Amino acid sequence: MNTELIQTAQNHFKTIIEEQLARIEMMKIETNWTDYSKVSPIIVGMLGGDGIGPTISKETKRVLEYLMADAVSSGKVNFRTIDGLTIENRAKHGKAIPDDVLEDIKKCHVTLKGPTHTPEQGDGWPNIESANVAMRKELDLFANVRPVRIPKLGIDWTFFRENTEDLYAVGNQGINVTEDLAIDFRVITSQGSERIIEAAFAHAEKMGNKNVTLVTKANIVKTTDGKFLEIASKVSKNYPDIHWEGWYIDIMTAKLIDEKRRSDFQVLVLPNLYGDILTDEAAEIQGGVGTAGSANLGKTYSMFEAIHGSAPRMVTEGRAQYADPSSLLRAGAMLLEHIGFEEISGKLHKALDICGQYERKIVMTGRNSGATSEEYGNYVMETVENSNIDCLWQNYVEA
Ligand code: IPM
Ligand code: MG
């Protein structure tokens with residue numbers, strides 16, 4: 001009996017190895033980053049998602065179209081809405097991303113995605129793969145860049161979370177070997193590690209940062225985290241002016257709340273799951289996961305999104321219109337920067353700091369005691385329009 005089960009498990013493992021070796025060959029093909037200054041029109045796809053997604057996505061689209069009115073009317077940028085990345089439609093097709101939706105996504109250079117529901121065993125939906133994870137893998141969006149900035153506390157962190165490997169690579173291909181033995185597979189490759197670590201060091205160099213912190217648990221997870229660490233040591237040789245250190249994920253979670261230590265960290269690079277967890281903690285320090293946006297970057301495509309989920313409870317309790325669009329607006333600011341609109345992006349970032357952390361003329365509470373998503377969008381637009389925004393921001397930060 002066991003011999004047969006072991007054979008089945010071995011065959012399963014063989015398939016995973018073959019798929020991953022093929023993926024490595026794909027990663028070896030040299031690709032350059034898209035140069036958006038040469039692309040016209042740059043097509044920006046808007047994906048609403050589930051739960052509060054459509055509300056915050058609609059609001060973000062309104063703000064971005066307003067800020068980008070000139071680029072839109074000159075034909076440089078084109079916003080497009082893509083329907084169908086909803087849990088209902090995904091369940092209907094039994095796919096993380098239905099084929100026609102994926103085709104539409106691939107016709108865009110960049111997308112801004114509202115949160116999508118991620119099914120889990122027993123939640124009433126078919127247990128299909130997460131749309132986020134599928135999109136990251138399908139479009140090879142290997143760098144999940146998550147900034148957390150709290151100027152008044154001297155915090156300016158940029159997390160480079162690896163986005164296509166680790167426990168996520170084959171997270172839906174685990175195996176129940178017997179009724180009692182469940183095994184998932186953790187995948188770390190040299191190529192996958194090198195490209196994310198390289199991106200982190202390059203970012204640190206570009207921003208004039210001095211420190212890169214590499215987070216693993218290489219003392220315990222010796223093979224895969226060991227490889228990540230080894231590749232970091234290799235990549236770091238090209239960046240002699242940058243000081244890098246390996247930290248363990250457990251002590252890292254503690255140090256993010258150590259007020260004496262935390263502002264020393266600048267660029268942090270980490271495998272997928274540690275990155276998932278640590279960036280929620282970091283965002284919470286900034287004011288909650290609702291305040292943080294993220295970029296999922298690949299060399300050809302990129303996708304920008306909030307770091308939080310779809311908050312279905314807000315919808316069933318009739319509170320969707322009070323959902324905070326800050327996270328997706330942050331993601332929008334990152335998108336603008338990525339496609340070459342640094343100045344507008346910088347203003348939007350500052351406006352979000354002012355509205356969310358300092359001035360707080362209107363406040364989101366997630367219910368009718370606070371502002372609606374639309375009111376908040378108006379507040380952000382007014383703040384961007386303020387000709388004194390740079391001084392205003394500077395004064396708040398220095399106060
Ligand atoms: C994130 C989210 C996703 C992840 C979920 C929704 C699949 O938590 O973007 O951090 O685990 O990556
Ligand atoms: Mg997460």
Side-chain angles (χ1 to χ4, degrees), residues 9 11-24 26-27 45 47-51 53 57 82-106 108 111-144 161-177 182-189 192 196 224 271-277 279-280 294-298 300-312:
N11 289 342
H12 185 81
F13 187 36
K14 180 166 176 274
T15 310
I16 289 178
I17 293 175
E18 284 165 355
E19 285 169 4
Q20 293 304 312
L21 288 175
R23 197 173 65 83
I24 288 179
M26 296 300 291
M27 282 192 282
L47 296 145
D50 302 309
S57 175
I82 299 174
D83 295 319
L85 197 70
T86 58
I87 186 61
E88 292 80 9
N89 196 36
R90 291 184 286 135
K92 185 175 127 203
H93 289 88
K95 281 201 150 176
I97 310 176
D99 294 343
D100 55 334
V101 178
L102 184 59
E103 218 174 280
D104 287 346
I105 290 173
K106 286 187 172 170
C108 302
T111 46
L112 192 66
K113 183 183 117 343
T116 42
H117 176 68
T118 304
E120 66 173 28
Q121 193 85 27
D123 74 352
W125 293 104
N127 198 7
I128 46 178
E129 190 184 23
S130 142
N132 290 37
V133 174
M135 205 160 152
R136 293 166 185 170
K137 290 199 288 195
E138 195 65 52
L139 305 180
D140 205 22
L141 311 176
F142 65 88
N144 194 327
R161 164 185 175 191
E162 200 292 320
N163 217 19
T164 53
E165 305 203 332
D166 189 355
L167 283 158
Y168 284 69
V170 288
N172 62 340
Q173 288 169 255
I175 180 166
N176 286 299
V177 179
I183 297 186
D184 273 308
F185 300 93
R186 182 171 204 247
V187 177
I188 297 280
T189 67
I196 187 70
T224 46
N272 209 337
L273 184 62
Y274 305 146
D276 177 44
I277 298 167
T279 53
D280 266 16
S294 76
N296 295 265
L297 308 180
T300 308
Y301 299 103
S302 292
M303 179 265 277
F304 297 79
E305 62 180 344
I307 78 162
H308 56 76
S310 62

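Here the structure is a predicted model, which is why all the values come from computation and not from measurement.
Smallest separation of non-hydrogen atoms from Gly53 and Pro115: CA-CD, 3.8 Å. Summarising the geometry of Ala96 relative to Arg90, their closest heavy-atom pair is O-CD, 2.7 Å, with the distance given to 0.1 Å. The minimum heavy-atom distance between Ala306 and Ser294, with the atom names listed, is O-OG, 4.2 Å. Thr86 and Gly49 make their closest contact through CG2-O, 4.1 Å (heavy atoms, listed as atom of the first residue, atom of the second, distance). Contact detail for Pro271 and Arg186: the closest heavy-atom pair is CB-NH2, 3.8 Å. Across all non-hydrogen atoms, the minimal contact from Pro119 to Ile87 is CG-CD1, 3.8 Å.
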Taking distance alone, no hydrogens or angles, what donor-acceptor pairs closer than 3.5 Å link side-chain atoms of residues 98-105 to residues at least two apart or in another chain?
from	atom 1	to	atom 2	distance (Å)
Asp99	OD1	Lys95	NZ	2.7
Asp99	OD2	Lys95	NZ	3.4

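Applying the ring-ring contact (aromatic ring centres under 6.0 Å, His included) criterion to Tyr301, with sequence neighbours excluded, gives no partner residue. Annotation: ring-ring contact (aromatic ring centres under 6.0 Å, His included) contacts of Phe304 (sequence neighbours excluded): His338.
Looking only at side-chain heavy atoms (C-beta outward), Asp140 and Thr300 stay at 4.5 Å or farther from each other. Between Glu138 and Lys106, some side-chain heavy-atom pair lies under the 4.5 Å cut-off.
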Quick one: do Asn272 and Asn163 satisfy side-chain contact (heavy atoms from CB on, under 4.5 Å)? Show the steps, please. CA-CA 5 Å; Asn272 209 337; Asn163 217 19; 4.3 Å; yes

Mind running side-chain contact (heavy atoms from CB on, under 4.5 Å) on His117 and Asp123 for me, showing each step along the way? CA-CA 11 Å; His117 176 68; Asp123 74 352; 2.9 Å; yes

Show your reasoning for whether side-chain contact (heavy atoms from CB on, under 4.5 Å) applies to Glu162 and Ile188. CA-CA 10 Å; Glu162 200 292 320; Ile188 297 280; over 6 Å; no

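Using modelled atom types and a 3.5 Å distance limit, the side chains of Gln20 and Thr189 yield no donor-acceptor pair. Between the side chains of Thr116 and Asn132, at least one donor-acceptor pair of N or O atoms lies under 3.5 Å.
Of the charged side-chain nitrogens involved, at least one lies within less than 4.0 Å of a carboxylate oxygen, so that Glu18 and Lys14 count as a salt-bridged pair.
Between the side chain of His12 and the main chain of Gln173, a donor-acceptor pair closer than 3.5 Å is present. A donor-acceptor pair is defined here as one N or O able to donate and one able to accept, closer than 3.5 Å; such a pair exists between the side chain of Lys137 and the backbone of Ala169.
In this structure, Ile277 CD1 and Arg161 CZ are separated by 9.0 Å, a value rounded to the nearest 0.5 Å. One distance of note links CG of Leu112 with CD1 of Ile82; it measures 11.0 Å at 0.5 Å rounding. To the nearest 0.5 Å, atom CG of residue Asn296 and atom CD of residue Glu305 are 4.5 Å apart. Annotation: the span from Asn144 atom CG to Arg136 atom CZ amounts to 5.0 Å, rounded to 0.5 Å. With values rounded to the nearest 0.5 angstrom, Asp50 atom CG is found 6.0 Å from Glu88 atom CD. Taken to the nearest 0.5 Å, the SG atom of Cys108 stands 12.5 Å off from the CE atom of Met303.
Residue Phe13 places its CZ atom among 12 or fewer non-hydrogen atoms of other residues, nucleotides or ligands, all under 6.0 Å distant.
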